[in-house]
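Reading through the structure tokens given below for one structure.
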Amino acid sequence: MTATATRSAAADDKLVRRFAEALARLNPGGGRIGLAVSGGPDSMAMLLLAHAAVPGGFEVATVNHGLRQAAADECRLVAATCAERDIPCEVLTVHVAAGNVQAAARDARYAALAGWAQERELAAVATAHHADDQAETLLMRLNRGSGVAGLAGVRERTVIPSSPILLIRPLLFFRRVELARVVAEQGLSPALDPSNEDDRFDRVRLRKALASTAIIDPVAVAASASHLAEAEEALDWAARREWDQCVTLGEGEI
């Protein structure tokens, strides 16, 4: 896989403005951020939008988890795309522990990104979760009977687990089809993960079902998840206030 020569614009102006507005809201200090780019269409679109919206205001990291033979090629694709645009890029190699491979890979990836962000003194790390991802997550959890915390889905602004590093998701109200168009307009061929077409996974089956119906609006579902996240934060605040005001810790008793 090779990256093609860069073109004059990353995407139409409306998408770039939306991305810039999301970054301004999620990273109000305007500090230099890091982008987690896998080489897939969503994260490659994020790279291109950032290059148009905040040139020079970000760096890129791509993680080689070694779980698929194509992983190294995907990292090279990201590095080549960045090199053509003079964007700093670092390949992070991680070891994935045995057991629940998907969970272990996620934990290893976030730990590597947190270490990289601290070393580079970045204000935040951005991932490419988008509205369709959020809708899939919320509907899967509805189907499992999740409560408020689960139905809040992925947060727009949080921290990387077990670290102080801010984690932001500036694409959370973008559609998958919009991001694919950004990449296509640049003439790039993103990496495609074959597991995204594997019907053994619940998410893949749900994704295909959503693609075949116009009844559910992923952006509206993502907005509902955001409201539920606010509700969970309010409940947590109320519980902490009750504890602080009404609970006394004594020796051997509460």
Side-chain angles (χ1 to χ4, degrees), residues 3-64 74-94 109-131 133 154-161 163-174 176 178-183 185-188 190-191:
T4 61
T6 183
R7 301 196 180 169
S8 59
D12 65 64
D13 289 342
K14 288 183 179 178
L15 290 180
V16 174
R17 281 198 302 272
R18 281 171 54 197
F19 185 79
E21 289 165 1
L23 280 185
R25 184 179 70 255
L26 299 174
N27 181 35
R32 191 173 178 84
I33 65 171
L35 306 186
V37 180
S38 67
D42 306 330
S43 62
M44 291 293 275
M46 179 173 65
L47 187 161
L48 295 170
L49 288 167
H51 187 53
V54 287
F58 68 98
E59 300 181 20
V60 168
T62 183
V63 179
N64 183 356
E74 291 162 3
C75 290
R76 281 191 285 271
L77 169 65
V78 175
T81 304
C82 290
E84 289 175 355
R85 293 161 175 80
D86 294 322
I87 299 168
C89 177
E90 187 164 345
V91 177
L92 308 176
T93 301
V94 300
R109 181 170 63 251
Y110 275 130
L113 289 168
W116 167 71
Q118 285 184 300
E119 182 179 327
R120 300 297 300 165
E121 298 183 344
L122 301 173
V125 170
T127 63
H129 294 87
H130 50 69
D133 290 329
V154 295
R155 275 57 166 185
E156 251 197 318
R157 194 172 191 270
T158 181
V159 295
I160 294 179
S163 89
I165 300 298
L166 180 65
L167 178 63
I168 60 176
R169 292 167 173 127
L171 299 180
L172 211 52
F173 292 97
F174 284 69
R176 178 181 284 117
E178 292 177 310
L179 302 176
R181 188 168 69 245
V182 170
V183 176
E185 286 173 351
Q186 287 290 290
L188 294 178

Side-chain contact, heavy-atom cut-off 4.5 Å: [X] with [Y]?
X	Y	answer
Leu122	Leu166	no
Trp116	Val63	no
Leu49	Leu179	yes
Leu15	Arg181	yes

Where the side chain of [X] meets the backbone of [Y], is there a donor-acceptor pair that is under 3.5 Å apart?
X	Y	answer
Thr62	Val37	yes
Ser43	Ser38	yes
Asn27	Gly31	yes

Task: side-chain hydrogen bond (donor to acceptor under 3.5 Å, both in side chains) assessment of Arg169 paired with His129 - done: CA-CA 6 Å; Arg169 292 167 173 127; His129 294 87; 3.3 Å; yes
Nearest 0.5 Å please: distance from the [atom1] atom of [X] over to the [atom2] atom of [Y].
X	Y	atom1	atom2	value
Thr127	Leu172	OG1	CG	8.5 Å
Met44	Cys82	CE	SG	7.5 Å
Leu188	Glu84	CG	CD	7.5 Å
Leu47	Arg85	CG	CZ	7.0 Å

- [ ] May I ask you to check whether over 12 heavy atoms, not counting those of Arg32, lie within 6.0 Å of atom CZ?
- [x] yes
TODO: Please assess Arg176 against Asp133 for the test side-chain contact (heavy atoms from CB on, under 4.5 Å), listing each intermediate value before the final yes or no.
DONE: CA-CA 8 Å; Arg176 178 181 284 117; Asp133 290 329; 3.6 Å; yes
Please report the shortest heavy-atom distance between [X] and [Y], naming the atom on each side.
X	Y	answer
Ala191	Leu77	N-CD2, 3.8 Å
Asp42	Leu171	O-CD1, 3.9 Å
Ile33	Ala126	CD1-CB, 4.5 Å
Ala50	Leu35	CB-CD1, 3.7 Å
Ile165	Ala117	CG2-CB, 3.9 Å
Ala36	Met46	O-CE, 3.5 Å

Task: NZ/NE/NH1/NH2 to OD/OE distance under 4.0 Å, Glu90 and Arg120 - done: no
Open item on the list: Against the six-membered ring of Phe174, is Arg18 placed for a cation-pi contact (under 6.0 Å from the centre, within 45° of the normal)?
Closed with: yes
Task: Worked verdict on Val78 versus Val60 for side-chain contact (heavy atoms from CB on, under 4.5 Å) - done: CA-CA 9 Å; Val78 175; Val60 168; 3.8 Å; yes
